[in-house]
Amino acid sequence: LGSSCLWPWLTMAPSYVLAIDQGTTSSRAILFDKEGQIKAASQQEFPQYYPQPGWAEHDPEEILQSVVDCAEGVLKKAGATKADIASIGITNQRETTVAWDKNTGVPLYKAIVWLDLRTADTVQLLAKGRGGKDRFRKKTGLPISTYFSAVKMKWMLDNVPEIKKAADEQRCCFGTIESWLIYRLTGGKDGGVHITDVSNASRNMLMNINSCTWDESVCKDIGIPLDALATIKSNSEVYGHVKGFACLDGVPVAGALGDQHAALLGQGCLQVGTSKNTYGTGCFMLLNTGLDAVQSKNGLLTTIGYKLGKEEHVTYALEGSIACAGRVVQWLRDNMAIISGSSEVETFAAQVEDTGGLTLVPAFSGLFAPYWREDARAVAVGMTLFTKKEHLCRAALESTAFQTVDVMKAMQQDTGLSLGGMRVDGGMTMNNLLMQMQSDFLGVDVLRSKMPEATALGAALAAGLSVGFYSKKEDVSAMIEKAGGHEAFKPKFNPAARKQVYMRWKDAVDRSFELDKFDPQKKVEEKPIVMKKPKFRTVASIKPEQKGINLQLKVVKLPAVVEGESYHDVVCGDVSGIVTLHLTPQQFLPCEVGSYVRVQNARTRMHNGHIRVVVDKWGKVAQADKPEEPFEVNLSADISAVEYELAS
């Protein structure tokens with residue numbers, strides 16, 4: 001076919017596919033040639049916003065601008081123009097949620113980032129009742145968690161009046177980052193398409209994992225309006241053409257995958273049982289399960305692998321998601337100032353043989369798979385006066401490797417497979433010490449791709465397939481080999497050593513649970529003080545020399561004299577009889593016959609062989625409201641008139 005058939009907007013065949021890799025902390029644009037090799041790349045970080053502890057936000061407009069800047073930058077580096085671009089593929093940080101106005105194309109609120117914890121109360125609310133956190137798992141493949149987009153949407157609807165109003169007026173659009181970018185790149189309010197791909201849709205906790213359509217019952221239960229959601233498309237088809245951005249005007253946007261799904265494809269995990277692990281801000285392991293949507297019983301997620309075309313079948317996957325991996329290194333650099341650059345973590349960690357007994361559990365955003373504990377918080381266990389920054393750096397790297405072991409064990413339990421070598425990619429894989437740790441802790445070969453941009457390659461492959469730039473997905477194996485194949489890290493630990501270090505990790509993980517209750521920013525609902533209802537004694541049961549008596553009485557007779565310092569005798573009673581209260585002037589309550597009084601912690605005192613009820617400094621007498629069941633006093637039984645003979 002001539003170029004006029006495949007790319008009618010061009011006069012000659014293009015040379016590249018442009019992959020946009022929009023991550024949690026930076027955006028990148030990468031040009032891939034016909035052989036799947038990198039021609040040029042451009043990267044730009046963008047601001048992070050943390051308005052409260054546990055909250056994380058992005059500005060959608062800043063993300064868009066960073067993407068456009070990177071696209072312009074990579075074209076300039078390669079000396080290329082839009083005429084050289086066959087199509088655009090997008091891969092993105094998943095679950096991060098944007099709400100915008102379809103009439104103006106303007107965001108209604110900052111994007112809530114995937115690791116944000118503000119929705120913890122929303123999770124608890126949704127998890128009440130039958131099924132708990134697994135209430136929607138059979139339909140969506142996901143547990144209820146702060147991680148997923150649906151709870152972020154619900155929080156926005158419940159807490160941001162502008163979004164609630166827009167939803168009521170059917171002008172609110174919800175979407176994850178690829179949806180926002182595609183909408184704006186294809187025209188925004190001037191004809192931009194509101195779509196999402198099937199892999200990103202599977203992370204909303206609203207899509208039926210079997211039908212790959214929005215599940216109306218789940219949307220209704222959570223309270224998300226269907227008209228605010230994007231149309232679900234495959235990962236490889238032309239969604240629209242760029243409009244309004246001169247450097248890319250007219251180029252088709254023809255592929256989109258969530259970052260981990262793109263990495264599964266870019267690592268060549270096309271056969272059932274193959275797996276990959278991507279080390280970025282978080283860490284994400286996916287295992288290809290083919291045509292079967294395997295329901296996990298061990299804390300993993302049932303998710304989409306990819307669907308490469310409208311009529312193609314869906315490839316499913318099991319996923320283990322880890323919230324903090326590279327984020328821990330950033331914490332050491334930005335928050336703790338222990339290192340000045342990310343590469344220093346390996347330098348310092350390599351200066352000690354072990355962590356000196358220190359174990360770091362980086363539950364800064366709770367713990368994801370396989371625990372799903374929003375109540376967990378980061379802990380450093382086992383420090384002594386011997387501990388120094390080199391130990392902490394090594395413990396930080398170990399924490400990523402240990403979390404991956406947790407996920408791998410869950411995958412083995414779910415599938416029964418003895419998983420072989422694990423393919424890895426992402427920025428942290430450049431850390432040789434971490435890769436060796438990972439192999440030691442897992443007991444399998446760790447295969448590091450020489451293709452440093454497996455995620456972007458997956459997006460490029462999907463976009464290239466949809467316009468004929470690439471011919472078949474199986475070509476990815478040749479692309480990887482041409483880039484140098486894989487470098488293998490082999491395990492050096494014996495089974496006993498592997499078991500010992502893992503026990504240390506599990507012990508530390510247990511210590512991280514339920515620490516959210518100590519969050520100083522967390523609102524603590526004061527429980528109303530419930531007064532215990534006193535247990536009242538009947539008058540007839542009173543005996544000499546008793547203590548701790550509680551009585552509910554009705555006044556029968558007031559004292560003749562109520563002035564002066566003498567005691568006042570007030571005759572009171574209940575249905576069982578009457579008794580005399582012997583009160584000081586300070587205790588005496590001006591009251592009327594027929595009113596009620598309550599006596600607490602009183603005692604009996606004998607006077608000439610007769611009982612008097614007295615109230616000392618530990619007791620209390622007070623007027624009382626009319627009881628729920630009013631009573632008449634039995635005047636025939638005067639307990640105070642009974643003469644008692646007391647021994648000695």
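Because the structure is a prediction, the values reported are computed rather than measured.
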With K133 via salt bridge (charged side-chain N to carboxylate O under 4.0 Å, His left out) - residues at least two apart
E374
Under 3.5 Å, is there a donor-acceptor pair between the side chain of W214 and the main chain of A201?
no
Contacts of V113 that satisfy side-chain contact (heavy atoms from CB on, under 4.5 Å) - sequence neighbours left out:
T24, A56, H58, Q93, T96, L115
Will you find, in the side chains of S342 and Q330, an N or O donor that is under 3.5 Å from an N or O acceptor?
no
With a cut-off of 3.5 Å and sequence neighbours excluded, list every side-chain donor-acceptor pair involving residues 153-163.
| residue | atom | partner | partner atom | Å |
| --- | --- | --- | --- | --- |
| K154 | NZ | D158 | OD2 | 3.4 |
| N159 | ND2 | W155 | O | 2.9 |

According to side-chain hydrogen bond (donor to acceptor under 3.5 Å, both in side chains), who are the partners of K164, at least two apart in sequence or on a separate chain?
D168
Under the side-chain contact (heavy atoms from CB on, under 4.5 Å) test, which residues partner E216, sequence neighbours left out?
L226
Give the C-alpha distance, both sets of side-chain angles, the deciding distance and a yes or no for side chain to side chain contact (heavy atoms under 4.5 Å, CB included) between W372 and I144.
CA-CA 9 Å; W372 299 108; I144 300 172; over 6 Å; no
Residues forming a side-chain hydrogen bond (donor to acceptor under 3.5 Å, both in side chains) with E453, sequence neighbours excluded:
R28
Only distances under 3.5 Å count here; give the side-chain donor-acceptor pairs of residues 303-315 to other protein atoms, sequence neighbours excluded, each with its distance to 0.1 Å.
| residue | atom | partner | partner atom | Å |
| --- | --- | --- | --- | --- |
| T303 | OG1 | S202 | OG | 3.2 |
| T303 | OG1 | R203 | NH1 | 3.2 |
| K307 | NZ | K310 | O | 3.3 |

How would you list, by chain and number, every residue that makes a side-chain contact (heavy atoms from CB on, under 4.5 Å) with A262, sequence neighbours excluded?
T91, L257, T455
Salt bridge (charged side-chain N to carboxylate O under 4.0 Å, His left out) filter on R184, not counting sequence neighbours, yields E61
Set of salt bridge (charged side-chain N to carboxylate O under 4.0 Å, His left out) partners for D516, sequence neighbours left out
K522
Residues that Q43 engages under side-chain hydrogen bond (donor to acceptor under 3.5 Å, both in side chains), provided they are two or more places apart
S26
Using the test side-chain contact (heavy atoms from CB on, under 4.5 Å), find all partners of C173 that sit at least two apart in sequence or belong to another chain.
W100, K102, H194
